[in-house]
**Student:** 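There's a structure below that I have some questions on.
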Amino acid sequence: MNFSIRPTTLADNDAIEPILKASYSTLLQGFYDADTLARAVPIMSKAQPDLLTSGTYYAATIDEKIVACGGWTLAVPGTKKVQDASIAHIRHVATHPDHLRKGLAKAIMTHCFDAAQAIGVTQFSCFSSLAAVAFYESVGFRAGEQKTVSFAPDLPFPMVVMTRDL
Ligand SMILES: CC(C)(COP(=O)(O)OP(=O)(O)OC[C@H]1O[C@@H](n2cnc3c(N)ncnc32)[C@H](O)[C@@H]1OP(=O)(O)O)[C@@H](O)C(=O)NCCC(=O)NCCS
């Protein structure tokens with residue numbers, strides 16, 4: 001499969017959001033109830049300007065069209081704070097449903113591991129959707145406890161804490 005991986009910029013916002021939306025709305029079905037997805041997907045699918053300009057959030061492209069995305073930060077998700085500079089956090093990973101199982105997300109993960117290792121990161125942490133646990137296990141993460149995050153006050157959303165040593 002001929003694809004490239006590059007860091008995103010703010011200009012990618014309008015290409016990234018439809019991928020997040022298509023991926024989450026389609027691929028999380030069966031793992032969360034329909035009401036939860038109807039409310040959570042619009043919130044989860046918003047591209048985050050801080051991530052797009054972080055230099056550590058990547059787009060996978062085929063013929064220059066973005067088909068998958070994902071990245072990492074030292075800042076803990078939902079905050080701008082770095083609690084431990086040896087731990088990187090996986091952020092907003094999604095592949096468009098038309099491009100699954102081509103190795104795109106795996107290649108983005110490899111990119112994340114290499115870049116983070118170069119600045120002294122020794123562990124990755126991830127809040128995985130219930131749908132993505134098998135994917136993260138396939139790239140070396142171990143599943144830990146299930147945690148419920150809240151995208152809104154009455155919108156509990158179970159996720160799995162996963163970790164991987166570098
Ligand atoms: C999880 C996701 C990003 C994987 O994307 P992808 O580009 O299809 O993944 P890859 O092709 O790189 O898969 C690499 C390996 O992961 C494993 N894997 C990927 N998807 C899997 C699935 N649905 N079930 C079981 N294993 C899976 C396989 O071992 C696969 O290797 P193989 O195809 O040779 O068997 C994609 O399914 C997705 O967007 N899911 C919905 C969004 C989501 O939950 N994102 C995570 C947010 S925390």
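Residue indices begin at 1 and follow the sequence shown. Read the numbers this way: they start at 1 and go in the same order the structure lists the ligands and their atoms.
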**Student:** Considering only NZ, NE, NH1 and NH2 on the basic side and carboxylate oxygens on the acidic side, decide whether Arg39 and Asp33 come within less than 4.0 Å.
**Tutor:**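 So Arg39 does not pair with Asp33 through a salt bridge.
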
**Student:** Contact between Met159 and Leu130 at the side-chain level, heavy atoms closer than 4.5 Å - yes or no?
**Tutor:**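 Side chain of Met159 against side chain of Leu130, heavy atoms only: no contact under 4.5 Å found.
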
**Student:** Salt bridge check, Arg6 against Asp12: does any charged N sit closer than 4.0 Å to a carboxylate O?
**Tutor:** yes

**Student:** Establish whether Val160 and Tyr32 are linked, either directly or via other cluster members, by ILVMFWY side-chain heavy-atom contacts under 4.5 Å.
**Tutor:**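 As far as the 4.5 Å side-chain criterion goes, Tyr32 and Val160 are connected within one cluster.
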
**Student:** Checking a contact table here: which protein heavy atom is nearest atom 13 (O) of ligand 1, and how many Å away?
**Tutor:**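 In this structure, atom 13 (O) of ligand 1 has Phe135 CD1, 3.9 Å as its nearest protein heavy atom.
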
**Student:** Applying the side chain to side chain contact (heavy atoms under 4.5 Å, CB included) test to Cys69, which of Ile5, Leu104, Val93, Leu20 qualifies?
**Tutor:**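 Of Ile5, Leu104, Val93, Leu20, side chain to side chain contact (heavy atoms under 4.5 Å, CB included) with Cys69 is met by Leu20 alone.
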
**Student:** Of the protein's non-hydrogen atoms, which lies at the shortest distance from atom 47 (C) of ligand 1, and what is that distance?
**Tutor:**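 The answer is Val93 O, 3.7 Å.
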
**Student:** Are the side chains of Ile90 and Phe127 in contact, using a 4.5 Å heavy-atom criterion?
**Tutor:** no

**Student:** Which atoms of ligand 1 are found less than 4.0 Å from any heavy atom of Phe127?
**Tutor:**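 Close to Phe127: 48 (S).
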
**Student:** So, for Ala47 and Glu17, which heavy atoms are closest and what is the spacing to 0.1 Å?
**Tutor:** N-OE2, 3.0 Å

**Student:** If two hydrophobic side chains count as joined below 4.5 Å and joins carry through other members, does Leu155 share a cluster with Phe31?
**Tutor:**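 Looking at the clustering, Phe31 is in the same group as Leu155.
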
**Student:** Tell me whether the NZ or CZ atom of Arg164 lies within the 45° cone about the ring axis of Tyr136 and under 6.0 Å from its centre.
**Tutor:**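 Not satisfied by the 6.0 Å and 45° rule.
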
**Student:** Considering the heavy atoms of Leu28, write down every atom of ligand 1 situated less than 4.0 Å from one of them.
**Tutor:** 44 (O)

**Student:** Looking only at protein heavy atoms, which one is nearest to atom 30 (C) of ligand 1, and how far off is it?
**Tutor:**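 Heavy-atom neighbour on the protein nearest atom 30 (C) of ligand 1: Arg101 NE, 3.8 Å.
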
**Student:** Enumerate the atoms of ligand 1 whose separation from the nearest heavy atom of Ala134 is less than 4.0 angstrom.
**Tutor:**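 Here the atoms of ligand 1 in question are 25 (C), 26 (N).
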
**Student:** Taking the side chain as C-beta and beyond, is there a heavy-atom pair between Leu52 and Asn13 under 4.5 Å?
**Tutor:**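 Heavy-atom side-chain distance check passes, below 4.5 Å.
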
**Student:** Looking only at protein heavy atoms, identify the closest one to atom 44 (O) of ligand 1 and say how far it is in Å.
**Tutor:** Ser129 OG, 2.6 Å

**Student:** Heavy-atom distances under 4.0 Å decide this one: backbone, side chain, both or neither, for His92 against ligand 1?
**Tutor:** neither

**Student:** Starting from atom 16 (O) of ligand 1, what is the nearest protein heavy atom, named by residue and atom, and what distance separates them?
**Tutor:**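 I find the closest protein heavy atom is Ser138 OG, 2.8 Å.
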
**Student:** Quick one: closest heavy-atom pair of Ile19 and Ala94, and the distance?
**Tutor:** CG2-O, 4.2 Å

**Student:** Give the residue and atom name of whichever protein heavy atom lies nearest to atom 12 (O) of ligand 1, and the separation in Å to one decimal.
**Tutor:** Lys106 N, 2.8 Å

**Student:** Nearest protein heavy-atom contact for atom 11 (O) of ligand 1: which residue, which atom, what distance?
**Tutor:** Gly103 N, 2.8 Å

**Student:** Given that the side chain starts at C-beta and the backbone is N, CA, C, O, which of these parts of Tyr136 lies under 4.0 Å from ligand 1, counting heavy atoms, or is it both or neither?
**Tutor:** side chain

**Student:** Please list, in number order, the atoms of ligand 1 under 4.0 Å from a heavy atom of Ala105.
**Tutor:**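 Once the distances to Ala105 are compared, the set is 3 (C), 4 (C), 5 (O), 6 (P), 7 (O), 9 (O), 12 (O).
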
**Student:** Relative to the heavy atoms of Ala132, which atoms of ligand 1 are at a distance of less than 4.0 Å?
**Tutor:**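 That gives atoms 1 (C), 44 (O), 46 (C) of ligand 1.
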
**Student:** Provide, to 0.1 Å, the distance between atom 42 (C) of ligand 1 and the closest protein heavy atom, together with that atom's residue and name.
**Tutor:**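 Going atom by atom, the protein heavy atom closest to atom 42 (C) of ligand 1 ends up being Ser23 OG, 3.3 Å.
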
**Student:** Can you name the closest pair of heavy atoms from Met44 and Tyr24 and give their distance?
**Tutor:**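 It is O-CE1, 3.6 Å.
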
**Student:** Nearest heavy atom to atom 37 (O) of ligand 1: which of Ile90, Ile108, Leu100, Thr95 does it belong to?
**Tutor:**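 Looking at heavy atoms only, the winner is Leu100.
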
**Student:** Could you check whether atom 34 (O) of ligand 1 has a protein contact, counting only heavy atoms that fall below 4.0 angstrom?
**Tutor:** no

**Student:** Is Ser128 close enough to touch ligand 1? Criterion: a residue heavy atom under 4.0 Å from a ligand atom.
**Tutor:** yes

**Student:** Which atoms of ligand 1 have any heavy atom of Ala94 under 4.0 Å away?
**Tutor:** 39 (O)

